[in-house]
Amino acid sequence: MTNNNSWLVVLAGPTAVGKTKLAIELAEYFKTCIINADSRQLYKELQIGTAPPTPEELNKVEHYFVQILSVKDYYNVSQFENEVISLLYELFKTRKLIFLVGGSGLYIDAVCNGIDDMPNYDPELRKELLIQYEKNGIDWFRALLKKLDPNTYQNIDLKNKNRIFRAVEVCLQTGKPYSYFLKNTKKHRPFKILKIALNRNRLELYDIINNRVDKMTEKGLIEEAKSLYSFKNYTPLKTVGYKELFDYLENKYSLDEAIDLIKRNTRKYARKQLTWFRRDKDYRWFHPNDKSLIIHYIENNINERTFF
RNA sequence: GGUACCCUAGCUCAGUUGGUAGAGCAACGGACUGAAAAUCCGUAGGUCGUUGGUUCAAUUCCAACGGGUACCA
């Protein structure tokens, strides 16, 4: 895979825009496989709410990283990066083009650029810090961060408690400031990358999202959420489509309110994804219906027509 | 038909003892390094129901009209 003719083609875009369908058509055309880059389609229990490829679709094209984990498993972007990269080493032995398809911007960037080497989080420490947080509030945490890592304190969003938590955790775990690990260096990849993003008219996208939520409830999303209720505090269940139904099951909302909230939060999520992909100027934008334009774009870039 | 109350941002509602107005949600934009479908930040948007009166000045007080809600007949 050290040759320069290996291509990773990224297909990104907001949820419900049509990535899955188009990716399968493209993979069939180029006779290759798909690596999923959607942080929630990794989990096998999330069958309905994350709109993973259907069994028929999975049969058409070889897929990787779809429903490989349990919601009980701990997982993170760094593991994803490492596992995808070693899989790519294998796959590029027999293929020249591979698709990376999904909507999780951070996961895609981790594969394309890499992320810095840092310690994993320590559940015990986090539990302890959570207790401190409840007791002392966010100001106490800010002060602690300022003491442990003035550099990060200067640069971080001090209103974002997840960021503060993470930085403090790394400092306490390693005895070194978080900023020591944060090098922001782009890793070299022994393959070329072509980035494609999909988008469509906003109202049309919202319409598709709203309809898809209705279809999910018809398919049994509520039952699925009920069956996963006992895992509601696990990270993978902090997901649009599930968290709202957990609140419904706790009588915080009516069912109708919960479903409206799922639609609203999915629309919001789509916008957040667009913000992420817009920032990266390497993306070339297409409408999901422009399949032949996309095929030309890929072929023009890779300069070859056979892929075996 | 009578009485009372209401009409302010796309929605739900604050508010101005008279000096042309805000919150939450929605909309739109942005940030993003082991929680990322997470977690945060910002922007815009109103002839304050209509018409008239009082006043230096009315979204605010008064009247009529229109629309709504509740109660009484």
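Sequence lines set the chain letters: A, B, ... in the order given, protein chains first and strands last, and positions in each chain run from 1.
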Taking only the side-chain heavy atoms of [X] (C-beta and beyond), determine which of [options] contains the nearest atom.
{"X": "A/K238", "options": "B/U39, B/G29, B/A35", "answer": "B/A35"}
{"X": "A/K159", "options": "B/C41, B/G30, B/A27", "answer": "B/C41"}
{"X": "A/K243", "options": "B/A27, B/G34, B/U39", "answer": "B/U39"}
{"X": "A/W276", "options": "B/A36, B/A38, B/U33", "answer": "B/A36"}
{"X": "A/T275", "options": "B/G42, B/G30, B/G34", "answer": "B/G30"}
{"X": "A/R264", "options": "B/A36, B/C25, B/G34", "answer": "B/C25"}
{"X": "A/Y121", "options": "B/A26, B/U39, B/A35", "answer": "B/A35"}
{"X": "A/Y74", "options": "B/A27, B/A35, B/U33", "answer": "B/A35"}

Should the pair A/K183 and A/Y180 be classed as cation-pi, given the thresholds of under 6.0 Å to the six-membered ring centre and 45° from the axis?
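The answer is yes; both the distance and angle limits are met.
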Using a 4.0 Å heavy-atom cut-off, does [X] contact any base of the nucleic acid, only the sugar-phosphate backbone, or nothing at all?
{"X": "A/R271", "answer": "base"}
{"X": "A/D122", "answer": "nothing"}
{"X": "A/N184", "answer": "base"}
{"X": "A/S104", "answer": "sugar-phosphate"}
{"X": "A/D38", "answer": "base"}
{"X": "A/Y43", "answer": "nothing"}

Phosphate contact ([N] OP1 or OP2) by [X] side-chain N/O below 4.0 Å:
{"X": "A/Y180", "N": "B/U33", "result": "no"}
{"X": "A/R202", "N": "B/C28", "result": "yes"}
{"X": "A/R163", "N": "B/C40", "result": "no"}
{"X": "A/R126", "N": "B/G34", "result": "no"}

Donor-acceptor pair under 3.5 Å, [X] side chain vs [N] base:
{"X": "A/D157", "N": "B/U39", "value": "no"}
{"X": "A/K272", "N": "B/A38", "value": "yes"}
{"X": "A/R166", "N": "B/A36", "value": "no"}
{"X": "A/N160", "N": "B/U39", "value": "yes"}

Rounding to the closest angstrom, what is the interatomic distance between [N] and [M] at atom [atom1]?
{"N": "B/G34", "M": "B/U39", "atom1": "P", "answer": "15 Å"}
{"N": "B/C5", "M": "B/G42", "atom1": "P", "answer": "41 Å"}
{"N": "B/C6", "M": "B/A64", "atom1": "P", "answer": "16 Å"}

Can you see whether A/R212 engages A/T266 through a side-chain donor-acceptor pair at a distance of less than 3.5 angstrom?
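No, because no side-chain N or O of A/R212 sits under 3.5 Å from a partner of the opposite role on A/T266.
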Could you go step by step and tell me if A/E169 and A/R126 meet the salt bridge (Lys or Arg N to Asp or Glu O under 4.0 Å) rule?
CA-CA 7 Å; A/E169 278 170 3; A/R126 181 167 297 178; 2.7 Å; yes
Please verify the inter-ring angle class for A/F165 with A/F141; under 30° counts as parallel, over 60° as perpendicular, anything in between as tilted.
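Rings of A/F165 and A/F141: parallel, under 30°.
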Taking NZ, NE, NH1 and NH2 as the nitrogens, is one of them in A/R264 or A/E244 under 4.0 Å from a carboxylate oxygen of the other?
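Between A/E244 and A/R264 there is no salt bridge, as every charged N stays at least 4.0 Å from the carboxylate O atoms.
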Electrostatic pair A/K21:A/E25 at N-O distance under 4.0 angstrom
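A salt bridge links A/K21 with A/E25.
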Between A/G49 and A/D116, which residue's closest nucleotide on RNA chain B lies nearer the 5′ terminus?
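Whichever sits nearer the 5' end wins; that is A/D116.
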